[in-house]
Amino acid sequence: MAASSGPAGVSGAGPSGFAFDSGLEIKTRSVEQTLLPLVSQITTLINHKDNTKKSDKTLQAIQRVGQAVNLAVGRFVKVGEAIANENWDLKEEINIACIEAKQAGETIAALTDISSLNHPESDGQIMIFTDKTGVIKAARLLLSSVTKVLLLADRVVIKQIITSRNKVLATMERLEKVNSFQEFVQIFSQFGNEMVEFAHLTGDRQNDLKDEKKKAKMAAARAVLEKCTMMLLTASKTCLRHPNCESAHKNKEGVFNRMKVALDKVIEIVTDCKPGGETDISSVSIFTGIKEFKMNIEALRENLYFQSKESLFATLEVILERTEDFTDSAYTSHERRERILELSTQARLDLQQLLSMWIQSQNKKTKSIAEELELAVLKISHSLNELKKELHRTATQLAADLLKYHADHVVLKALKLTGVEGNLEGLAEYACKLSEQKEQLVEVCRLLRHISGTEPLEITCIHAEETFQVTGQQIISAAETLTLHPSSKIAKENLDVFCEAWESQIGDMSTLLREINDVFEGRRGEKYGYLSLPKPMKNNANLKSLKPDKPDSEEQAKIAKLGLKLGLLTSDANCEIKKWGDQENEIVQNGRTMSSMAYSVYLFTRGEGPLKTSQDLIHQLEVFAEEGLKLASSVQVFSKQLKDDDKLMLLLEINKLIPLCHQLQTVTKTPLQNQVFLKVDKCITKTRSMMAILVQLLSLCYKLLKKLQMENNSWVSVTNKDSMDGKT
């Protein structure tokens, strides 16, 4: 089952008005988490020796456990039956498993009921329940039936995701063929609703995945869909405004194609299969290859016949062949290249020495030879570690230099300027420079993948490489469209959207570089935590980890700066709210609530206000994200009263707010042990972005409402005048 991306225990309609089944998933998991510890307690109790005597107090505890299991099973069965009633193809299987679970729960309750035991013996103690075998059988049946229901419910979730994907694809096909602006607005509104539903379902699934590689792939695919939704809107509008522009159509086709690939990738992950039986042909990174090679040579200590000589030589050659990505790179310095080649040669020599000692140890098993073999193993391990360090230094230094060099985005600014000037020569010059920058970033991403250290980070490197490759081409086509139509506002807006995506990926790459360095230096563990079934921690240590530690002065300064910006945004929001005559308007109420919550966060950054701990802050922002979705829903309802152009302006802002709400929900629910500052930093940054959009929405809605009222008053005035003329 999948964890909900929204606040725990909340089930209902999202901002799009769709009802989701994630509430069933939450309830099922909640009962599952209740059942497993209780069954574990029963297992512990029945593992006592048969002649162990228990006091009345202990037997009452046993009875309470049995009753608690039975009650939890009852809740579980209700949820299972609800799922069965909505899925007729699985109804019979789920109902059978529910009946078995119910019977097992009732049996455990009956067998642990002290009222059914014999009277106490003369010493004031009685024997533990007599039918120990019956309790064991019932506990096994319970676990078996619960597992069946959960597996069947998982099939339901997969079916929901596939159905949702198919709806999105069908609507995308309609969007591709649309020819009128009015029709596009209507279809895109439906598309937005379907994408919100798909985001809910896939977000739940991502949180539940236990395979870190799959989880990273799902995150990458969902990131593509989220960013491409905004690109699809502006690219399609540009095509409608300039239907004969070839570069506009090329730009739009690129967005649609990338979204279709991402949708297919999601289905591959949830169904665990590739179309046509394809296999993952991506090569193993250098660090992964070295790790596996070292395990093989270290295994020789225990088993001299574990590997063949040829196999070890071949494995090392594959690793060293991949280092050519570094030595052949035009961006690797001469000194780094020479050092990598030197360490590669040393690794080959060390392996030859190891194999020589290995052969000797197979023929003569003496203490001195065994010691020399151990020394040879340590020597080649040291050589490979030195090679890893040099590769890591090379890749991270290249990445850091490149990010620093392109931090000011000079080329993007120049492309925007040449576009509005209609300068075709300037376009050609800066398009060429962007292509060079793109190739540099793509190559550095490939090098970073080799030294990333974990599979999730490898996937992130691949995602970054693909994003730079595709977005670079799309920026050029968008710039070409603007250059051909320099006065087109929509073409300028479209180029801005693609440039923002590029800048965002540059920022993500900086974060990726920090994470790679953290893993290499052992400053952090796994990147992701499981959200669906967290490991039990003594004394609720998972909550303690969120209590405020003592941030250093740099961290305090950063949080204070974020808080100050947030405080200014709340003032702006309050000013916009005061403009509204109707303070009971739903948009105003949602905005006021969000502004009040954001102000509490601002006070938190100053060490003031009602939020005392990091955990208080996280809980507050969970509700804040939910309030943001409510605001989006209210604005969407208001937009139905507007004309197409005005409606599209609002949809554009809504489609910025909804992804941020989901991102904030994800961040608040992602455990970051010993990374409290990082989590708080991310949460406040997302909150600030949402508040910036809130201010824009309040201002825009107010202007559009006034415009609507003026149009209505004008119509009423004309109608009254006509009526008076008729009477005269």
Which one of V497, N251, V411, L495 satisfies the side-chain contact (heavy atoms from CB on, under 4.5 Å) criterion with I475?
-> L495
Salt bridge (charged side-chain N to carboxylate O under 4.0 Å, His left out) between K227 and E500, intermediate numbers included = CA-CA 10 Å; K227 290 180 180 178; E500 284 173 14; over 6 Å; no
Could you go through the salt bridge (charged side-chain N to carboxylate O under 4.0 Å, His left out) check for R339 and E342 one step at a time?
-> CA-CA 5 Å; R339 179 62 178 156; E342 179 186 328; 3.1 Å; yes
Report the distance from atom NZ of K389 to atom CZ of F520, rounding to the nearest 0.5 Å.
-> 7.0 Å
Mind checking the CE-OG1 spacing from M195 to T202? Nearest 0.5 Å is all I need.
-> 8.0 Å
Quick one: does Y602's side chain get under 4.5 Å of T570's, heavy atoms only?
-> no
If we ignore angles and hydrogens, is there a donor and acceptor under 3.5 Å between the side chains of E226 and H662?
-> no
Taking 4.0 angstrom as the limit, do E246 and K250 come out as a salt bridge?
-> no
Does K388 NZ have over 12 foreign heavy atoms under 6.0 Å away?
-> yes
From the options K291, E458, E455, R322, select the one residue that forms a side-chain hydrogen bond (donor to acceptor under 3.5 Å, both in side chains) with S285.
-> E458
Is the closest basic N to carboxylate O distance between K416 and E421 below 4.0 Å?
-> no
Are Q206 and K215 linked by a side-chain donor-acceptor pair shorter than 3.5 Å?
-> no
Have S329 and E443 got a donor and an acceptor in their side chains that come within less than 3.5 Å?
-> yes
For the salt bridge (charged side-chain N to carboxylate O under 4.0 Å, His left out) test, which of R449, R446, K438 pairs with E465?
-> R446
In L398, T396, L391, the residue satisfying side-chain contact (heavy atoms from CB on, under 4.5 Å) with T394 is L398
Do Q397 and D401 get their side chains close enough for a donor-acceptor pair, meaning under 3.5 Å?
-> yes
Any idea which heavy atoms bring L512 and C461 closest together, and the distance?
-> CD2-SG, 3.7 Å
Any side-chain donor-acceptor pair under 3.5 Å between Q615 and H619?
-> yes
With side chains defined as the heavy atoms from C-beta onward, is the minimum distance between I693 and L697 less than 4.5 Å?
-> yes
Exercise: do S383 and Q346 side chains pair donor with acceptor under 3.5 Å = no
Would you give the length of the straight line joining atom OG1 of T687 to atom CG of L664, rounded to the nearest 0.5 angstrom?
-> 5.0 Å
Point-to-point distance, once rounded to the nearest 0.5 Å, from CD1 of I267 to CZ of R165 = 4.5 Å
Does the side chain of D508 come under 3.5 Å of the side chain of H463 through a donor N or O and an acceptor N or O?
-> no
Residue pair I286, I290: steps toward the side chain to side chain contact (heavy atoms under 4.5 Å, CB included) verdict | CA-CA 6 Å; I286 294 175; I290 289 176; 3.8 Å; yes
Would L513 and M509 satisfy side chain to side chain contact (heavy atoms under 4.5 Å, CB included), going step by step from the backbone distance to the final call?
-> CA-CA 6 Å; L513 184 59; M509 191 172 172; 5.8 Å; no
